[in-house]
Amino acid sequence: MPDRRNEYRTSPPPEPAPEGVSRREFLARVGAAGALAAIAAAGAVALWEPRHFVPGFETPAGLRLPGYAVPAAAGAPALAIAHGMDYDAVVRAAVGALGGIGRFIQKGDVVLLKPNVAFDRPPSLGATTHPETLRAAARLVREAGAARILVADNPINNPVGCFLKSGLTAVA
């Protein structure tokens, strides 16, 4: 049997490293490429303005809608929290703490109620506005003299399923 112990003890001398780019030259090239990329990006941003693509065409100012914010009542808070299981009493207490329904609704108004109907879940899970809360709010708005009450939302799940399963369709 041949003796292989000596085969691994000697190895050929390492080959010299190939001549390539020095570290200093590499960093200089990377810096120059980065500077060129930054200049190109700045030029692209400067040319991206719409007026450069269509001469004489200015960006329209847009439509300004009137403000519909309800002015704050003297001493009334901006937020009210009410707790309880009697939905009508809870809604009346919360709106009353904000200054009353008259602060928000005038006789003859068309009112949009936007419940949270994001998910296709039953009321017992608490993922959407409880139907009795919507009923209490609509009753309060009707008592304030609203001419018409609309109920709308943009659910995450299928709108028909969300309104049906949450019980809000029946209330609306």
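Summarising the geometry of Ala97 relative to Ala80, their closest heavy-atom pair is CB-CB, 3.8 Å, with the distance given to 0.1 Å. A pairwise comparison of heavy atoms in Gly108 and Ala147 identifies O-CB, 3.5 Å as the closest pair.
Under the 4.5 Å side-chain heavy-atom criterion for Ile, Leu, Val, Met, Phe, Trp and Tyr, Leu134 and Ile101 are members of the same hydrophobic cluster.
Looking at Glu143 and Arg139, no side-chain N of the basic residue comes within less than 4.0 Å of a carboxylate O on the acidic one, giving no salt bridge.
The side-chain heavy atoms of Leu140 and Arg92, taken from C-beta on, include a pair separated by under 4.5 Å. At a threshold of 4.5 Å between non-hydrogen side-chain atoms, the residues Leu98 and Arg103 count as touching. With a 4.5 Å cut-off on side-chain heavy atoms, Leu168 and Val151 do not count as touching.
Here ring-ring contact (aromatic ring centres under 6.0 Å, His included) pairs that include residues 128-163, with residues two or more places apart or in two chains, are Tyr87-His130.
Proximity of a side-chain donor or acceptor of Asn158 to a complementary backbone N or O of Val160 within less than 3.5 Å is detected. Between the side chain of Thr133 and the backbone N or O of Thr129, no donor-acceptor pair lies under 3.5 Å.
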Quiz: residues 112-124 side-chain donor-acceptor pairs under 3.5 angstrom, not counting sequence neighbours:
from: Lys114; atom 1: NZ; to: Asp153; atom 2: OD1; distance (Å): 2.8

Q. side-chain contact (heavy atoms from CB on, under 4.5 Å) between Arg142 and Ile149: does it pass, once the steps are laid out?
A. CA-CA 8 Å; Arg142 179 69 72 202; Ile149 301 172; 4.1 Å; yes
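Atom CG of Asn157 is separated from atom NZ of Lys165 by 9.0 Å, given to the nearest 0.5 angstrom. In this structure, OG1 on Thr169 lies 4.0 Å from CG on Leu164, to the nearest 0.5 angstrom.
With a 6.0 Å radius and a threshold of 12 heavy atoms from other residues, nucleotides or ligands, Leu125 has its CG atom above the threshold.
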